[in-house]
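Note that ligands are numbered from 1 as they come in the structure, with each ligand's atoms numbered from 1 the same way. Just so you know, these numbers come straight off a predicted model, no measurement behind them.
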Amino acid sequence: MRAVTYDRYGGPEVMSLVEVPVPEPGEGQVRIRNRAAGLNPYDWHIYRADPALARTFSGWRTPGERVLGADVAGVVDAVGPGVIEFAVGDCVYGEIGFGACGDYTVAKSAGLARKPQSLSFTEAAAVPMAALTALQGLEAGRVSEGSRVLVIGASGGVGHMAVQLARVLRAARVVAVCSGRNASWVAELGADRVIDYTRERVEDCNEQFDVIVDLVATSTFRALAPLLDANGSYVLLGGIGGGKILGPLGGILRAQAVGLVKRRRVVQMTAKVLASDLTRIAAWIDDGRVRPVLDTVFPLERYRDALDLLEGGHVAGKVVVEVA
Ligand SMILES: NC(=O)c1ccc[n+]([C@@H]2O[C@H](COP(=O)([O-])OP(=O)(O)OC[C@H]3O[C@@H](n4cnc5c(N)ncnc54)[C@H](OP(=O)(O)O)[C@@H]3O)[C@@H](O)[C@H]2O)c1
């Protein structure tokens with residue numbers, strides 16, 4: 001089978017599309033005939049070991065041999081011992097960490113769910129990590145009926161899901177921050193107001209929010225705090241830049257310190273791979289309440305072009321690689 005593999009840290013140049021053996025599913029695993037892989041900043045943080053902190057969980061010297069791609073959609077092709085949730089022929093999607101950019105992969109069945117029926121495999125592969133992060137971030141921020149929500153970084157993978165899922169969670173007002181070129185489609189997804197960060201400072205928006213979901217951390221929490229209701233939550237999920245060693249950790253610690261001083265709730269979280277959340281998200285997609293927006297779809301052979309676009313940091317929605 002074909003797979004995009006790497007065994008040392010670096011940019012897209014350390015990867016190759018090679019022939020590797022078809023993997024066999026172990027205990028609690030299924031084998032998936034991959035149809036599409038969704039790409040995320042997570043992928044390049046790992047293959048570049050950027051920040052270096054990533055090496056603590058992906059290998060100090062080398063990552064070991066890995067197949068690119070954390071988000072997958074495909075068809076169950078074989079089941080390992082102990083798997084009761086899925087059978088051969090089931091259409092699934094999920095976040096599996098590695099292995100999506102290959103013809104087949106094996107994955108723990110506990111991290112997968114049935115693919116939304118209304119989506120193609122290509123569309124479904126765009127959903128898992130972005131939607132899980134958005135949903136769990138909004139829920140950690142206690143978004144509920146009537147909440148006023150600000151999403152900073154609203155045109156990226158997580159952000160465009162956060163705008164829609166805030167509506168699903170019955171937010172009363174959603175304000176989105178992105179560049180002007182993406183403003184119209186982000187508004188169509190459910191944003192009441194779109195702030196073009198290239199023309200207007202979000203700090204000057206003259207509104208109050210119950211929840212701020214920040215995906216870029218280009219403003220400090222000290223600067224954003226006046227926008228947050230006294231009982232509100234600042235949910236810091238990601239960031240552009242940050243140091244090469246600790247990445248966003250420095251900003252997270254600073255935000256938490258400011259939260260203590262200003263008595264504001266600061267939440268930082270890493271999304272969990274929960275099949276139950278993937279199933280909830282699939283139901284909302286099939287109800288027509290949530291949809292993934294695809295920036296560009298690449299064939300597997302053009303994985304380097306896909307990674308270049310991803311690393312540029314201005315993806316409108318998601319980048320997907322079609323495998324089959
Ligand atoms: N905590 C977790 O578990 C978790 C999980 C997934 C992702 N993340 C992190 O969350 C962050 C976002 O992920 P993603 O998948 O959404 O990334 P993405 O798809 O690459 O989106 C990044 C978005 O940031 C926008 N952007 C760039 N500069 C901006 C600025 N100054 N103000 C507002 N928006 C700006 C870009 O929009 P324009 O093109 O309009 O500029 C782009 O659409 C990343 O740091 C990622 O590592 C965290």
Side-chain angles (χ1 to χ4, degrees), residues 38-48 50-51 53-54 57 69-71 95 97 125-141 150-165 175-187 189 191 194-205 212-220 223-224 234-243 246-252 255 266-274 277 292-296 306-320:
L39 299 183
N40 295 277
Y42 163 89
D43 297 306
W44 67 256
H45 284 302
I46 298 293
Y47 66 67
R48 285 189 177 275
D50 180 359
L53 191 65
F57 52 89
D71 279 345
E95 184 188 325
V127 173
M129 188 182 294
L132 285 170
T133 307
L135 176 62
Q136 292 173 19
L138 291 164
E139 293 192 326
L150 175 67
V151 180
I152 309 178
S155 56
V158 179
H160 88 292
M161 285 292 171
V163 168
Q164 299 176 79
L165 289 165
V175 174
V177 181
C178 63
S179 64
R181 74 189 176 98
N182 293 314
S184 60
W185 68 264
V186 170
L189 293 181
V194 180
I195 297 173
D196 174 358
Y197 69 83
T198 66
R199 301 164 71 98
E200 194 183 344
R201 279 163 29 98
V202 61
E203 295 90 326
D204 299 332
C205 73
I212 299 176
V213 175
D214 194 349
L215 299 158
V216 293
T218 47
S219 302
T220 62
L224 295 172
Y234 173 66
V235 183
L236 180 54
L237 295 175
I240 293 171
L246 296 178
L249 191 59
I252 291 165
V266 174
V267 178
Q268 193 282 327
M269 49 136 264
T270 301
K272 295 188 180 70
V273 183
L274 295 177
D277 279 350
V293 171
L294 272 52
D295 180 314
T296 311
L307 295 174
D308 286 343
L309 177 60
L310 178 78
E311 291 194 27
H314 291 283
V315 173
K318 295 291 300 181
V319 177
V320 175

_Inter-residue atom distance L224.CG - I152.CD1, 0.5 Å rounding_ = 4.5 Å
*For I240, take its heavy atoms, then give the atoms of ligand 1 lying under 4.0 Å from any of them.*
27 (C), 28 (N), 29 (C)
*Minimum heavy-atom distance between A126 and P292, given as atom pair plus value*: CB-CB, 4.1 Å
_Residue from I212, L150, V194 passing side-chain contact (heavy atoms from CB on, under 4.5 Å) with V177_ = L150
*Apply side chain to side chain donor-acceptor pair (under 3.5 Å) to S155 and list each qualifying residue two or more places apart in sequence or on a separate chain.*
N182
*Please report the closest heavy-atom contact between A125 and V320, naming both atoms and the distance.*
CB-CG1, 4.3 Å
*Please write down residue, atom name and distance for the protein heavy atom closest to atom 1 (N) of ligand 1.*
M269 O, 2.9 Å
*Check ligand 1 against T218 and write out every atom of the ligand that is under 4.0 Å from a heavy-atom position of the residue.*
31 (N)
_Beyond-backbone contact of M161 with V127, side-chain heavy atoms, under 4.5 angstrom_ = yes
*For ligand 1, is there an N or O atom under 3.5 Å from any N or O atom of H314?*
yes
*What residue and heavy atom of the protein are closest to atom 10 (O) of ligand 1, and at what distance?*
G238 CA, 3.7 Å
_Side chain, backbone, both or neither: the part of P41 lying under 4.0 Å from ligand 1 by heavy atom_ = side chain
*Tell me, which protein residue and heavy-atom name are nearest atom 5 (C) of ligand 1, and how many Å apart are they?*
T133 OG1, 3.1 Å
_Could you work out, with side chain to side chain donor-acceptor pair (under 3.5 Å) as the rule, every residue matching Q136, not counting sequence neighbours?_
D277
*Could an N or O of ligand 1 be found under 3.5 Å from any N or O of V315, whether backbone or side chain?*
yes
_Atom pair CD1 (I252) and CE (M269), whose distance is rounded to the nearest 0.5 Å_ = 11.0 Å
*asked:* Heavy atoms only, cut-off 4.0 Å: how does K318 contact ligand 1, side chain, backbone, both, or neither?
replied: neither
*Which protein heavy atom lies closest to atom 19 (O) of ligand 1, and at what distance to 0.1 Å?*
G157 N, 2.9 Å
*asked:* Just to be sure I read this right, does ligand 1 sit under 4.0 Å from the backbone of V158, its side chain, both, or neither, counting only heavy atoms?
replied: both
*Does H160 have a non-hydrogen atom less than 4.0 Å from ligand 1?*
no
*Classify the contact between L310 and ligand 1 as side chain, backbone, both or neither, using a heavy-atom distance cut-off of under 4.0 Å.*
neither
*Measure the distance from atom 42 (C) of ligand 1 to every protein heavy atom, then report the residue, atom name and distance (to 0.1 Å) of the closest one.*
G313 O, 3.5 Å
_Candidate pair W44 and L39, rule side-chain contact (heavy atoms from CB on, under 4.5 Å), full reasoning_ = CA-CA 9 Å; W44 67 256; L39 299 183; over 6 Å; no
*What heavy-atom pair brings N40 and L310 nearest, and what distance separates the two atoms?*
O-CD2, 3.4 Å
_Any N or O of A316 closer than 3.5 Å to N or O of ligand 1_ = no
*Residue, atom name and distance, where the atom is the protein heavy atom closest to atom 37 (O) of ligand 1*: S155 OG, 2.9 Å
_Are any of the N/O atoms on Q268, whether in the backbone or the side chain, positioned under 3.5 angstrom from an N/O atom of ligand 1?_
no
*Check the pair E203, S219 against side-chain contact (heavy atoms from CB on, under 4.5 Å), reporting the backbone distance first and the verdict last.*
CA-CA 8 Å; E203 295 90 326; S219 302; 3.0 Å; yes
*For A271, is at least one N or O under 3.5 Å away from an N or O on ligand 1?*
yes
*Is H45 near ligand 1, meaning one of its heavy atoms is under 4.0 Å from it?*
yes
*If you round to the nearest 0.5 Å, how far is CD of E311 from CZ of R48?*
4.0 Å
*Would you please determine whether Y42 falls within less than 4.0 Å of ligand 1 on a heavy-atom basis?*
no
*May I ask you to check whether N182 has an N/O atom sitting below 3.5 Å from an N/O atom of ligand 1?*
yes
*Of all the heavy atoms in L237, does at least one lie under 4.0 Å from an atom in ligand 1?*
yes
*Check Y42 against G97 and note the closest heavy-atom contact, atom names and distance.*
CE2-O, 3.5 Å
*Are any side-chain N or O atoms of D71 and backbone N or O atoms of M129, one a donor and one an acceptor, separated by less than 3.5 Å?*
yes
_Shortest protein contact, atom 23 (C) of ligand 1 (heavy atom only)_ = G156 CA, 3.9 Å
*asked:* Between V202 and Y197, does the side-chain contact (heavy atoms from CB on, under 4.5 Å) criterion hold? Intermediate values first, please.
replied: CA-CA 7 Å; V202 61; Y197 69 83; over 6 Å; no
*Give yes or no for whether the N/O distance cutoff of 3.5 Å, strictly under, is met between G239 and ligand 1.*
yes
*Of all the non-hydrogen atoms in the protein, which one sits nearest to atom 11 (C) of ligand 1, and at what distance?*
L215 O, 3.4 Å
